[in-house]
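Read the numbers this way: they start at 1 and go in the same order the structure lists the ligands and their atoms.
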Amino acid sequence: MASSNNFLTNSDKVNMKKWRVFLIPYFARSHLIPMTDFAGLLSAKHPDIELTMVVTPGNTKFITTSLDKYNDSAKHPMQILTYPFPSIGLKPDVETVGIGNSAESSAIDEASHMARPGLEQLLQQHKPDAVIADVLFPWITVIAADLKIPCILFSVFSNFSMLVLDCFQKMRVCPDLLDHVTVLGLPGPEIRMPVLELPSFALKENCVFSIENIHKSGLDAFGIVVNTCRGVELEYCDEFEKTQARRAYLVGPVTVSYPMYQHSIIERGGEGEGEGETSCLRWLDTKNERSVVLVSFGSLCVFKSAQLHELAMGLEGSRQNFLWVVRDVDQWDEWIPEGWEERIADRGFIVRGWAPQLAILAHAAIGAFVTQCGWNSIQEATAAGVPMLTWPLAYEQFINEKLLVDVIGCAARLWEGGKRSTIETENELVPRSVIAHALSRFMEPEGEFSSVHRKAQELGPVARSAMADGGSSMSDLSRLISDLITAMENKTCQ
Ligand code: UDP
């Protein structure tokens, strides 16, 4: 039996048994990526735990590249097992939110609970010693309890957003009756938000991703792993541990563990889909330190053509260097301004499709990041010490923005005016003049946002040191391994 920390004694090694743990990510890239990185961490820290990633066939290609990088040095290479994607009438390879159009993505989210029978059958057949599953599969706790194996949930959301949503859910906020709501009972400054900025679907009862169900499964599960770091989320971590989980393990930012993170070129799953895989990094090499704005909106959200047109004009008007990742390339000719590419050629770089975002953010030329406030992107920027200009669009992104701008102070809102909402059709168009002005003010050396830049730079070493030996995230990882092995050995799931 392994000792209670990460160092194995000789007798541990002799007596050690191989444990089989299955990891089950949700079908979205922003969930597949951190779970793969977490698996890599686990495998490196305790090589005698045998790990298997369980995915639908359409998601194997995406994670294979990342797993291969970890497996190069692994004692037990991580395996992949597949279960059938729910049959909902989508095209054969559309099994990932954000890959097809918005309607297809919504259909995948809506069908997520239909994955249950396939997963249940697979787990019954293979009988692993434990499962680690995405929080968006809250019913996995019931399957694990039937199998009498410990179930760990894996959260890619900030503790802050989960606490805020849990408060709103308990307050039974009725979105139709109120303009603003104030969170009661959280540490830190008062949190007050427009109702339109809340993910209303999550607050409804009986919805696929109901916060009530996620909260309940968090307390039923053996524990929760959260991709976050104590030094960044501070008192919200203590509050999360007290109220949201039987045991919480805060192990992030997991991307910092990605092989070769310290080097300038980082490739990961999705290679070959974007045209800027490494050429954008070579272009960054030609730019001065902290002189380029990265503009990227994650793996899920898309813009209307009119907004893409305004954004293009705003970037041009800002007179800043920029690297723009454009996922919505299908109707390119519909919205790209005439002569625009020639006019911005010396200071703008477009990546069409998928970019190596982790490597871009870690590049010295990046001075700011216009982001939709997905938690993975935030952590990647935080670890790299890059300040953010926030442009949230959906889900819990407005809540993350609140944390960054009003609590931590490492970001500024791109637009304070106008109607903003998690519902796409309610959003007002962000005008080109606002975008141009926001970027040029934000990039001004020693300008009005210098304290935001300083805060972001201070947080970089805080986030990275959490993942170093002796750091808080590594200690939580060791505690997780020790608790899990004890539970597997005693065959308890509580
Ligand atoms: N990402 C990437 N290349 C892209 C777009 C996104 O590598 O072109 C990665 C990004 O680094 C992050 C994830 O995809 O790890 C996006 O996660 P996030 O939580 O920021 O946003 P979401 O996709 O859920 O909106």
Side-chain angles (χ1 to χ4, degrees), residues 25-38 40 59 62-63 65-66 69 96-99 102 105 108-109 134-136 154-158 160-162 199 202 209 226-228 252-258 261 265-281 294-303 323-329 349-363 366 369-384 386 388 390-401 403-404 411 422 424 463:
Y26 187 68
F27 358 80
R29 287 185 170 185
S30 46
H31 293 243
L32 291 157
I33 292 171
M35 188 161 303
T36 310
D37 288 335
F38 173 69
N59 282 306
F62 185 72
I63 56 167
T65 320
S66 305
K69 293 236 159 71
T96 317
V97 185
I99 291 296
S102 306
S105 292
I108 295 173
D109 280 339
D134 198 292
V135 289
L136 294 187
F154 185 78
S155 168
V156 301
F157 304 113
S158 61
F160 178 78
S161 67
M162 294 313 279
F209 303 138
V226 188
N227 179 20
T228 192
V254 289
T255 41
V256 172
S257 66
Y258 197 73
Y261 180 81
I265 295 188
I266 308 166
E267 297 166 15
R268 66 184 321 149
E271 272 175 287
E273 290 183 22
E275 59 186 27
E277 285 298 326
T278 50
S279 54
C280 66
L281 298 172
L294 169 64
V295 183
S296 181
F297 298 93
S299 66
L300 304 175
C301 297
V302 284
F303 284 117
L323 194 164
W324 182 13
V325 184
V326 185
R327 287 184 48 245
D328 336 57
V329 285
F349 192 100
I350 313 289
V351 177
R352 300 183 198 211
W354 191 253
Q357 183 174 300
L358 189 60
I360 294 170
L361 279 167
H363 197 287
I366 295 294
F369 178 25
V370 176
T371 172
Q372 90 291 5
C373 298
W375 188 239
N376 293 297
S377 293
I378 289 172
Q379 292 206 85
E380 290 161 17
T382 305
V386 173
M388 288 163 268
T390 58
W391 185 337
L393 298 163
Y395 308 104
E396 85 298 5
Q397 295 164 2
F398 289 87
I399 305 176
N400 287 337
E401 173 191 68
L403 174 70
L404 299 181
T422 49
E424 196 193 344

Worksheet item: Where is the tightest heavy-atom contact between Cys373 and Asn400, given as atom of each residue plus distance?
Response: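 Closest pair (atom of Cys373, atom of Asn400, distance): O-ND2, 3.0 Å.
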Discussion item. Testing the basics here: between Gln397 and Gly374, what is the closest heavy-atom pair and its distance to 0.1 Å?
Written reply: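 Between these two residues, the closest heavy atoms are CG-N, 4.2 Å.
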Worksheet item: How does Ile33 reach ligand 1, if at all, at less than 4.0 Å between non-hydrogen atoms: by side chain, backbone, both, or neither?
Response: side chain
Discussion item. Below a 4.0 angstrom heavy-atom separation, can you tell me which part of Glu380, side chain or backbone, both or neither, approaches ligand 1?
Written reply: side chain
Hey, does the side chain of [X] reach the backbone of [Y] with a donor-acceptor pair shorter than 3.5 angstrom?
X	Y	result
Arg327	Ser299	yes
Trp375	Ser155	no
Thr228	Gly252	no

Worksheet item: What distance separates Gln372 CD from Tyr395 OH, expressed to the nearest 0.5 Å?
Response: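 So the gap between those two atoms works out to 10.5 Å.
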Discussion item. Please determine whether any non-hydrogen atom of Arg29 lies less than 4.0 Å from an atom of ligand 1.
Written reply: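 The answer is no, since Arg29 has no heavy atom less than 4.0 Å from ligand 1.
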Show me which atoms of ligand 1 lie under 4.0 Å from any heavy atom of [X].
X	value
Trp375	19 (O)
Gln372	18 (P), 20 (O), 21 (O), 22 (P), 25 (O)
Ala355	2 (C), 3 (N), 4 (C), 7 (O), 8 (O)
Gln397	25 (O)
Val325	8 (O)

Worksheet entry | Shortest reach to atom 10 (C) of ligand 1 by a heavy atom, considering only Gln357, Arg327, Glu396 |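 The nearest heavy atom belongs to Gln357.
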Discussion item. side-chain contact (heavy atoms from CB on, under 4.5 Å), that's the test. Do Leu404 and Phe160 meet it? Break it down for me.
Written reply: CA-CA 10 Å; Leu404 299 181; Phe160 178 78; over 6 Å; no
